[in-house]
S.K.: 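Sharing a structure with you now.
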Amino acid sequence: MLSGKKTVEALDRMELMYPDAKGELDHETPFQYLIAVIMSAQATDVSVNKVTPTLFASYPTAHDLAKAPLEDVMEKIKTIGLYKNKAKNIIKTSQMLVEQYDGEIPQTIKELVKLPGVGIKTANVVAGDMFNVPAIAVDTHVERVSKRLRICKQSVSVTEVEEVLMKKIPRERWVQAHHTIILFGRYHCTARAPKCEGCPLLDMCIEGQRNLIKKEK
DNA sequence: ATCCCGAGGG
DNA sequence: CCCTCTGGAT
């Protein structure tokens, strides 16, 4: 298992590769960001950014989306996949925001996860990016990178990955670390064909060294 | 553990 | 063709 010190070293090297890492979902308000993050489940941010201009042109606020016809919302977000559940969730979430928060969005993770379509990952992302609440959202990229680098064991759950990362990374770096690891996973340590050749982290990555040996054959 | 679910990449 | 994408609810 990679120690806390080595984990920070790995993070430092990733930050050199992606010094300005931040969320890539287009939005103009915290409400729109919440909706975009909900829709980004099992979808690329590129595909989400493709539907949000149309969606938010018709329904820019929680008050608007709360009254939107389900069929119309489904039609507008169809291309992102899982669209039936997502359409229901973002309308219902908007209705709850209107009823409980006057159309604004709550600032705590505890309150955010009560909204339909909002799990711990989405809540962490929104609270971290919009309100600077210290959190590490573990998505598919963060999980894959953490396990490949042996920051945590292969078998652990998403919750445990989050716990290990919070222990090994200083609190003030949590929010930024999330974005850095995401970009490293999205563009470099990819799921299918990771760019192990010449990777700055190769010397601390057993998985990467194995991959290169495999390539030799 | 299973379902949802279209688009893009290799 | 098969795999993957900033998961969540049941």
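Convention: sequence-line order gives letters A, B, ...; per-chain numbering from 1. As the structure is a computational prediction, the values presented were derived from the model and not from experiment. Every heavy atom of this structure was used, including side-chain atoms; hydrogens, water molecules and symmetry mates were not.
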S.K.: Less than 4.0 angstrom from a charged side-chain N to a carboxylate O is my criterion; do A/E15 and A/R173 meet it?
M.R.: yes

S.K.: About how many Å separate NE2 of A/H141 and CZ of A/R144, when rounded to the nearest 0.5 Å?
M.R.: 5.5 Å

S.K.: Rounding to an integer number of angstrom, what distance separates B/dC5 and C/dT10 when you compare their P atoms?
M.R.: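 Pairwise P distance, B/dC5 against C/dT10, rounds to 15 Å.
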
S.K.: With sequence neighbours excluded, give me every side-chain hydrogen bond (donor to acceptor under 3.5 Å, both in side chains) pair touching residues 73-84 of chain A.
M.R.: A/D72-A/K76

S.K.: Hey, is A/D129 close enough to A/K22 for a salt bridge, meaning N to O under 4.0 Å?
M.R.: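 Between A/K22 and A/D129 there is no salt bridge, as every charged N stays at least 4.0 Å from the carboxylate O atoms.
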
S.K.: Do A/R13 and A/D203 sit within salt-bridge range, that is, some charged N less than 4.0 Å from a carboxylate O?
M.R.: yes

S.K.: Hey, does A/T140 reach any base, or is it just sugar-phosphate, or nothing, if we go heavy atoms under 4.0 Å?
M.R.: sugar-phosphate

S.K.: Report the relative orientation of the aromatic rings in A/Y33 and A/H27; use parallel for angles under 30°, tilted for 30 to 60°, perpendicular for over 60°.
M.R.: tilted

S.K.: Indicate, with a heavy-atom threshold strictly under 4.0 Å, whether A/T122 touches base, sugar-phosphate, or nothing.
M.R.: sugar-phosphate

S.K.: If you find the nucleotide of DNA chain C closest to A/V113 and the one closest to A/H179, which residue's nucleotide is nearer the 5' end?
M.R.: A/H179

S.K.: Could you tell me if the side chain of A/T44 sits less than 4.5 Å from the side chain of A/V48, heavy atoms only?
M.R.: no

S.K.: Not counting sequence neighbours, which residues clear side-chain contact (heavy atoms from CB on, under 4.5 Å) with A/S155? List them please.
M.R.: A/K153

S.K.: Any salt bridge (charged side-chain N to carboxylate O under 4.0 Å, His left out) pairs touching residues 26-42 of chain A, not counting sequence neighbours?
M.R.: none

S.K.: For atom P, what is the distance between B/dC3 and C/dT6, given to the nearest Å?
M.R.: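 To the nearest whole Å, 24 Å.
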
S.K.: Closer to the 5' end of DNA chain C via nearest nucleotide, is it A/R192 or A/D45?
M.R.: A/R192

S.K.: Taking heavy atoms of chain A and a 4.0 Å limit, find me the 5'-most and 3'-most nucleotide of DNA chain C within that range.
M.R.: C/dC2 to C/dA9

S.K.: For A/V118, answer base if it contacts any base atom (sugar-phosphate contacts may also be present), sugar-phosphate if it contacts only those atoms, and nothing otherwise; contact means non-hydrogen atoms under 4.0 Å.
M.R.: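 The answer is sugar-phosphate, as A/V118 gets under 4.0 Å only of primed atoms, P, OP1 or OP2.
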
S.K.: 5' to 3' on DNA chain B, which nucleotides open and close the contacts with chain A (atom under 4.0 Å from a heavy atom)?
M.R.: B/dC4 to B/dG10

S.K.: Check A/E9 with A/K5, please: is the shortest side-chain N to carboxylate O separation under 4.0 Å?
M.R.: no

S.K.: Please list, in numerical order, the residues of residues 78-86 of chain A that have a heavy atom closer than 4.0 Å to any atom of DNA chain B.
M.R.: A/K78, A/T79, A/G81, A/L82, A/Y83, A/K84

S.K.: Closer than 4.0 angstrom, basic N to acidic O: yes or no for A/R150 and A/E207?
M.R.: yes

S.K.: Give one of base, sugar-phosphate or nothing for A/G185, where a contact means two heavy atoms less than 4.0 Å apart.
M.R.: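 No contact.
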
S.K.: With heavy atoms under 4.0 Å as the rule, sort A/A43 into base, sugar-phosphate or nothing.
M.R.: base

